[in-house]
Each structure stands twice: as C-alpha cells, then as structure tokens.
2 protein chains.
Amino acid sequence: MMNGRCVITVGDLGEFGIVARIAGRLPQGRTVLLGPGDDAALVGAPDGRVVVTTDLLLENRHFRRDWSTAYDIGRKAAAQNLSDVVAMGADPTGIVVGLGLPADTPAGWLDDLADGFRDECALVGASVVGGDTTRCELVVIGVTALGDLGGRAPVTRSGAREGDVVAVAGRLGHAAAGLALLRDGRAVPGAAGAGARPGGAGSAARPAAGPAGAAGVPASAGAEDPDSGEAAPVALAALVDAHRRPRPPYPCGVQAAELGATAMLDVSDGLLQDLGHVAHASGVGIVLDPAAFAVPPELEAAARLLGTDPLEWILTGGDDHALAAAFPPGVRLPPVWTRVGRVTGGEGVQVRGRPPGHGGWDHFRD
Amino acid sequence: MMNGRCVITVGDLGEFGIVARIAGRLPQGRTVLLGPGDDAALVGAPDGRVVVTTDLLLENRHFRRDWSTAYDIGRKAAAQNLSDVVAMGADPTGIVVGLGLPADTPAGWLDDLADGFRDECALVGASVVGGDTTRCELVVIGVTALGDLGGRAPVTRSGAREGDVVAVAGRLGHAAAGLALLRDGRAVPGAAGAGARPGGAGSAARPAAGPAGAAGVPASAGAEDPDSGEAAPVALAALVDAHRRPRPPYPCGVQAAELGATAMLDVSDGLLQDLGHVAHASGVGIVLDPAAFAVPPELEAAARLLGTDPLEWILTGGDDHALAAAFPPGVRLPPVWTRVGRVTGGEGVQVRGRPPGHGGWDHFRD
C-alpha cells in the first residue's frame with residue numbers, strides 16, 4: 001500500500017510478468033534483429049567485430065534510492081556502459097541488463113528504471129535488447145553494452161606516445177561535487193535532472209517514483225545566500241544532478257578516433273587515476289597543466305561551501321564519464337576538446353606544481 | 001587467517017589487483033581481438049550479427065558457497081549463459097563477468113571461480129574477455145555471453161508448427177534431484193564434480209577453495225544401503241554434481257539448427273514451463289508422451305529415497321540446461337536427441353495421461 005492505494009509490486013508481477021512489462025516499454029532500433037523474449041537477442045555487428053563491456057552496480061554502493069530516482073539510476077547505469085563503448089571509438093548498438101530487485105519494489109519504479117535505460121540508449125541510437133531478473137534484498141544492476149567500430153581500429157589505452165597532446169571532453173568534477181553536497185546533507189532542490197523526465201505516454205499517470213520518494217530531495221535548499229555571493233541553489237542543484245545523471249560526451253568518442261587519437265578512456269574513477277592507466281599501458285608519463293582546467297562557477301561555489309579545493313574534484317572525481325585522450329602533436333582539436341597536458345618520456349601522471357601521488361576510486365577499498 | 005596461515009583476500013588485492021590477477025588466468029582464444037584490461041573488449045563477429053544473453057546469479061539464491069566450490073560456481077554461471085547462446089543455434093565466442101565479492105573472500109576462491117569460467121568456456125571455444133568487480137556483502141555474478149551464428153538463421157521460440165516433432169538433448173531432472181538431496185540433508189561424497197578439478201598449474205598448491213570448505217560435503221553418505229537395493233552413494237553423488245555443474249549438450253545447438261529445428265530453447269526452469277514458452281510464442285500446443293522419458297537408475301533411487309516421483313524432476317526440474325527443440329515431422333534425429341512429443345494445433349503443454357497444469361521455476365516467486 002502506498003498513498004492509501006494498492007501498488008503493484010514486482011513480486012506481484014513475477015519473473016515473466018516483469019519481462020513482459022519491461023519489454024513493452026523498450027523500442028528496438030534498426031541495429032536489433034531480435035529483441036527481448038528469447039534465450040538470447042541478436043544485434044547487428046556490421047563491422048564483423050563487436051565491442052563489449054560490463055559493469056555491476058549495487059544499491060547503496062553505486063547509487064541510493066533516496067538520492068536518485070529510478071529513472072536517473074537507469075540513465076546512469078546505461079551511461080557508464082555506453083561511455084565505455086564510446087571510449088573505444090565505437091558506436092553503441094545495444095545493452096542487456098541483469099536486474100536483482102526486492103519483491104516489494106513498486107512496478108512503477110521498475111517502469112521508470114526501464115525508461116531511464118531506454119532514454120539514455122536513445123541518445124546514441126542503441127536499444128535495450130534483453131535482460132534477466134531475479135529477486136534480491138537490494139537492487140543490483142548488471143549492464144553489458146555492445147558497440148560497433150564501423151571499420152575503425154579500436155582506440156585503446158596503450159597507444160599514447162611521447163609528445164602527444166592530452167585532452168579531455170565532457171565535464172570533470174561535477175558529479176563528485178554533487179555527491180559531496182549530498183553526503184554533507186546539503187539539500188538542494190531537484191533541477192533538470194532528478195525526477196524531471198521527458199514527457200511521454202505512461203509517465204504522467206504514474207505515482208511518484210521510488211519507495212523513498214526519491215524525486216525530490218527536500219527543497220529546503222541549504223544555507224546558500226545569493227546576496228552573500230554564494231551560488232544560487234539552482235547552480236548547486238545542477239551538480240547534484242550531475243551525480244545522479246552523467247552526461248558523457250558521446251559524439252566525441254568516434255570523433256577522437258577519426259582525429260587519430262592514440263589512446264582514450266572514459267574518466268570513471270578520476271582523471272589522475274584513469275590517466276595513470278593510460279600512462280602505464282602506454283609505457284609513458286603524462287604531465288598535466290592545472291591552469292588548463294577551467295573551474296566553472298558552480299564548482300567554485302560548492303567548494304567554497306564545503307571548504308575544499310575544486311581542482312581536487314576535477315582531478316580525482318569520478319562518475320562524470322568525460323573522455324580523456326592522447327592525440328598526435330599536430331592535431332587540430334575541435335573546441336569541445338580541452339588540451340590539458342602532454343605525454344612525456346617518464347612514467348605516471350604528474351600535475352605541474354603539485355606533489356606526486358594521485359587519488360581516485362577503487363571499488364574495493366573506498 | 002586460514003589453516004594458521006595468512007590468506008590474501010580480494011580486499012587486499014583491491015579492484016585493480018583483482019583484475020590483473022584474474023586476467024592472468026584467462027587465455028584469450030582466436031575470436032578475441034582485444035581481451036581484458038581496456039574500457040571494453042573486442043570480439044570477432046564474423047557473421048555480421050552477434051548473439052547476446054545475460055544472467056544474474058546471487059549467492060544463496062542461485063548457489064551456496066557451502067554446497068558448491070568456487071570452481072563449480074564459475075562453471076555453472078558460464079554454462080547457463082553459454083547454453084542460452086547455443087540454444088539460438090550459435091557458437092559462443094566470449095563472455096564478460098560482473099563480480100560482486102565480499103572483501104574477505106580469499107584470493108584463491110577468486111582464482112578457482114575464474115578457472116571455472118575459463119574451463120567451461122574452453123568447452124565451446126569461447127573466452128572470458130572482460131569484466132568488472134566491486135565489493136558486495138554477498139557474491140553476485142552477472143554473466144553476459146556472446147555468440148556467432150555462422151550465417152545461420154537464429155532458432156527462436158516462435159517457429160514451432162503443428163505436426164512438428166518435439167525432442168530433447170541432454171539431461172533432465174538430474175540437477176533438481178541433486179538439489180533435493182542437498183536440501184534434504186542427504187550428505188553424499190563429492191564425486192567427479194565438486195572439488196575435483198582438472199589438473200593444471202596453480203591448482204595443486206592452492207589451499208582448499210571457499211570459506212566453508214565447500215569441496216567436500218561430508219562423506220557420511222546418508223542411509224543408503226547397497227544391500228537393500230538402494231543406489232550406491234556414488235550414483236547419488238552424481239546427481240549432486242549435476243546440480244553443482246550442469247553439462248549442457250553444447251554441440252547439439254548448432255546441430256539442431258542444421259537439422260532444420262523450427263524452435264529451440266535451453267531448459268533452465270523446467271521442461272513443461274520452458275516448452276510452455278515455445279507453445280505460447282509459436283501459437284501452438286505441445287503434447288508430451290511420458291513413456292518417452294527414460295528414467296535413469298540414479299533418479300529412480302533418489303526418488304525412492306525421498307519418496308517422490310522421478311518424472312516430476314524430469315518434467316519440472318530446472319538447471320540441467322538440456323536443449324528442447326521442435327523439428328519438421330520427417331526429420332532424422334541423431335541418437336543424442338530423444339523424441340518426447342508432438343506439436344499440436346491446441347495451446348499449452350500437456351503430458352498424456354496427466355492432468356493439465358505445469359510447474360517450473362519463477363525466480364521471483366520461488
């Protein structure tokens with residue numbers, strides 16, 4: 001029971017009811033030859049090779065149902081896998097999703113999750129082609145994404161060469177700042193991200209998503225005072241939204257491949273740590289210029305509020321799924337790419353003017 | 001500490017140590033163009049299409065660490081996904097694995113799990129091409145398998161036609177009987193399955209797998225008395241092994257496709273329930289002949305011991321991953337296939353001489 005009305009749960013639907021219900025919400029794109037409902041799906045791989053990547057997301061570790069809506073969780077879980085495909089220089093084609101759900105999960109929560117997957121996939125022309133569901137005490141989401149290279153060579157982590165330009169596309173530090181605000185109990189109203197969904201059939205009449213009413217982090221908006229020069233709550237809310245729903249720079253992956261990128265990855269655990277993988281795999285060093293990173297006003301404001309250095313978030317924050325790449329020295333980069341450093345003959349990653357040592361996210365230790 | 005010696009745990013290794021350790025145990029086959037270690041893997045898809053399927057396995061729901069070794073769990077988790085690929089008439093090429101592990105999991109347990117994945121994949125020429133690890137209170141395993149159709153049409157669930165022959169390949173009811181024995185507390189010595197591993201570098205010197213010493217279910221062997229006509233413990237142990245480690249009839253999938261199978265699936269939730277999916281998807285009925293199912297002596301013995309009907313296990317037991325298929329009426333089936341029924345113009349699945357209604361496994365309700 002919820003809001004005095006009887007709510008259908010996933011336990012009521014059962015495994016096959018869940019599959020039927022979700023499948024009905026998932027349009028199948030042109031790359032899909034056989035969608036959900038059989039032992040396996042069949043997806044086009046015109047290149048004759050297929051890019052594949054997987055991630056496992058656990059409730060209270062990778063997301064919280066009281067901090068993010070089901071829709072946001074679906075968007076984010078899809079995004080982080082699609083971003084890995086894009087970081088190889090490939091076009092995503094399809095994803096499959098393994099779902100563990102508590103039996104008392106409202107069916108509407110599941111609908112919203114599926115819609116999140118659907119809408120994130122739609123950004124890159126991919127489809128949710130299959131999945132599996134089982135009962136679990138916590139929400140568990142396993143996503144595997146496929147992609148097609150269109151005849152291009154994959155852009156790996158190991159091709160960076162001394163003298164290459166290091167550049168990034170997409171946001172850095174926003175999700176980390178948003179998470180810090182949430183952890184600090186800085187309640188900010190949901191802005192464009194959480195809760196807000198593109199309109200569409202089925203979304204209007206549905207009860208509020210999530211057992212904890214996750215859509216609205218209380219709108220008490222914290223203590224920011226616009227008159228004192230602090231950022232308006234709406235700017236901070238954008239950071240919280242960035243935590244809830246990353247916006248990977250999808251078109252930049254294929255673009256980088258076509259520009260001749262020698263190495264690339266998606267920044268999921270923090271720029272320093274992730275570039276460390278490139279340096280290690282390529283047998284090179286990387287030196288970053290801290291002055292190259294523009295600090296947007298909302299990051300400045302959040303850092304002031306929490307008494308920290310915004311550059312820390314930019315250099316070590318994960319979850320924005322920016323792309324970081326190395327390019328040959330003479331490359332002409334479109335404005336969406338920002339040059340932030342150089343590949344050197346040394347080893348490891350250094351930030352000019354800062355002591356060595358880098359932070360980042362280890363999913364076993366943090 | 002274990003056996004008075006210091007044991008390295010996955011928490012000691014950390015996320016990147018785990019990845020490096022597992023990757024070192026996983027040979028990459030000829031279909032793999034780029035294996036573990038980058039944002040994504042790259043696998044050959046010579047057909048220009050790729051078959052993809054995923055399953056999520058949870059500790060204490062799909063397996064128990066005190067009933068199965070890590071090696072068996074790896075074998076089983078791989079098998080049930082490879083079987084889904086095979087059931088489309090495809091050859092498996094690669095799998096990716098998302099792993100949630102408690103931080104105190106011994107590194108040797110992880111090694112054994114990886115070896116189980118590796119060895120099951122080797123049976124079909126596939127490789128473990130990538131994965132993801134994260135900390136979790138329970139062991140969570142998300143497996144996604146890929147496959148190639150080699151130019152064949154996929155064999156779906158929806159092509160069965162009135163008059164078709166229904167046939168099965170592989171074991172039925174063995175895993176269900178083994179699980180019933182375990183649930184009943186019938187301790188049987190580990191036979192060929194649990195604990196026993198093919199020899200190989202690294203396996204000899206390793207401490208016994210699993211925190212609970214899962215390799216040996218106590219060898220007290222229950223009350224079976226060979227003189228009274230009951231099955232010898234070793235025969236019952238083979239059923240327990242069947243639960244721990246299915247043996248899908250892998251070569252039969254492509255064989256069925258080449259024989260012109262009109263519909264096919266792998267029996268994971270019970271023959272009646274799974275054939276129900278074929279009947280529903282194909283818009284037909286299926287009638288099974290109970291006399292067509294040979295009941296092997298170990299199933300007879302186990303059923304006598306537990307006071308049940310072995311045909312129940314055969315008709316409703318899951319987890320053996322047999323293949324069930326419909327073939328055109330004139331088909332000449334190799335002996336590995338057993339004709340068990342007919343496709344009719346009705347609906348649903350009936351067993352001749354039995355009342356309607358079918359059992360099976362719903363991962364949300366059972």
Side-chain angles (χ1 to χ4, degrees), chain A residues 10-11 13-16 18 33-34 37-56 58 61-62 84-85 87-88 90 94 96-100 103 129-136 140 142 144-147 149 154 156-158 265-266 281 362-365, chain B residues 10-11 13-16 18 33-34 37-56 58 61-62 84-85 87-88 90 94 96-100 103 129-136 140 142 144-147 149 154 156-158 265-266 281 362-365:
Chain A
V10 297
L13 293 174
E15 184 180 3
F16 304 105
I18 291 170
L33 304 163
L34 189 65
D38 220 295
D39 285 9
L42 186 61
V43 181
D47 174 277
R49 303 168 294 175
V50 62
V51 170
V52 57
T53 183
T54 197
D55 268 328
L56 189 65
L58 307 176
R61 181 152 191 83
H62 300 94
D84 278 327
V85 169
M88 303 301 289
V96 290
V97 181
L99 270 185
V129 302
D132 179 44
T133 63
T134 193
R135 193 168 62 192
C136 188
V140 175
T144 301
L146 306 181
L149 280 164
T156 68
R157 300 174 174 192
S158 60
L265 46 55
D266 101 303
D362 182 310
H363 284 286
F364 256 88
R365 294 184 170 141
Chain B
V10 298
L13 293 174
E15 184 179 4
F16 304 106
I18 291 170
L33 304 163
L34 190 64
D38 220 295
D39 285 10
L42 186 61
V43 180
D47 175 275
R49 304 167 295 176
V50 62
V51 170
V52 57
T53 182
T54 197
D55 268 328
L56 189 63
L58 308 176
R61 181 151 189 84
H62 300 94
D84 279 328
V85 169
M88 303 302 288
V96 290
V97 180
L99 270 184
V129 303
D132 179 44
T133 63
T134 193
R135 194 167 60 193
C136 187
V140 175
T144 301
L146 306 180
L149 280 164
T156 67
R157 301 174 175 191
S158 60
L265 46 56
D266 101 302
D362 183 311
H363 284 287
F364 255 90
R365 292 184 171 145

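Just so we're clear, the structure is a prediction, and the values are computed from it rather than from any experiment.
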- Item | Contact origin within A:L34 toward chain B - heavy atom pairs under 4.5 Å | side chain
- Item | Residue list, side-chain hydrogen bond (donor to acceptor under 3.5 Å, both in side chains) with A:T53, at least two apart or on another chain | none
- Message: At a heavy-atom distance under 4.5 Å, which candidate from A:V52, A:D47, A:V85 has the highest pair count against chain B?
- Response: A:V52
- Task: Look at the side chain of B:D39 and the backbone N and O of A:D266, then say whether any donor-acceptor pair between them is shorter than 3.5 Å.
- Result: yes
- Item | Partner set under salt bridge (Lys or Arg N to Asp or Glu O under 4.0 Å) for B:D55, not counting sequence neighbours | none
- Checking side chain to side chain contact (heavy atoms under 4.5 Å, CB included) for the pair A:T54/B:T54: CA distance, chi angles, key distance, verdict? CA-CA 11 Å; A:T54 197; B:T54 197; over 6 Å; no
- When only pairs under 4.5 Å are counted, which of B:A281, B:G98, B:A41, B:P154 shares the most heavy-atom pairs with chain A? B:A41
- chain A contact via B:L58 - which portion, at a heavy-atom distance below 4.5 Å: side chain
- Message: Tell me if a side-chain donor or acceptor on B:D38 pairs with a main-chain N or O of A:R157 at a distance below 3.5 Å.
- Response: yes
- Task: Please flag which part of B:V97 lies under 4.5 Å from any non-hydrogen atom of chain A: side chain, backbone, both or neither.
- Result: backbone
- Side chain, backbone, both or neither of B:L33 within contact of chain A (heavy atoms, under 4.5 Å): side chain
- Note on the structure: Looking only at A:V43, A:V50, A:V51, most heavy-atom pairs under 4.5 Å shared with chain B are made by A:V50
- Please name the pair of heavy atoms, one in A:R135 and one in B:R61, separated by the smallest distance, quoted to 0.1 Å. O-CD, 3.2 Å
- Side-chain contact test, heavy atoms from C-beta onward, threshold under 4.5 Å: evaluate it for A:T134 versus B:H62 and give yes or no. yes
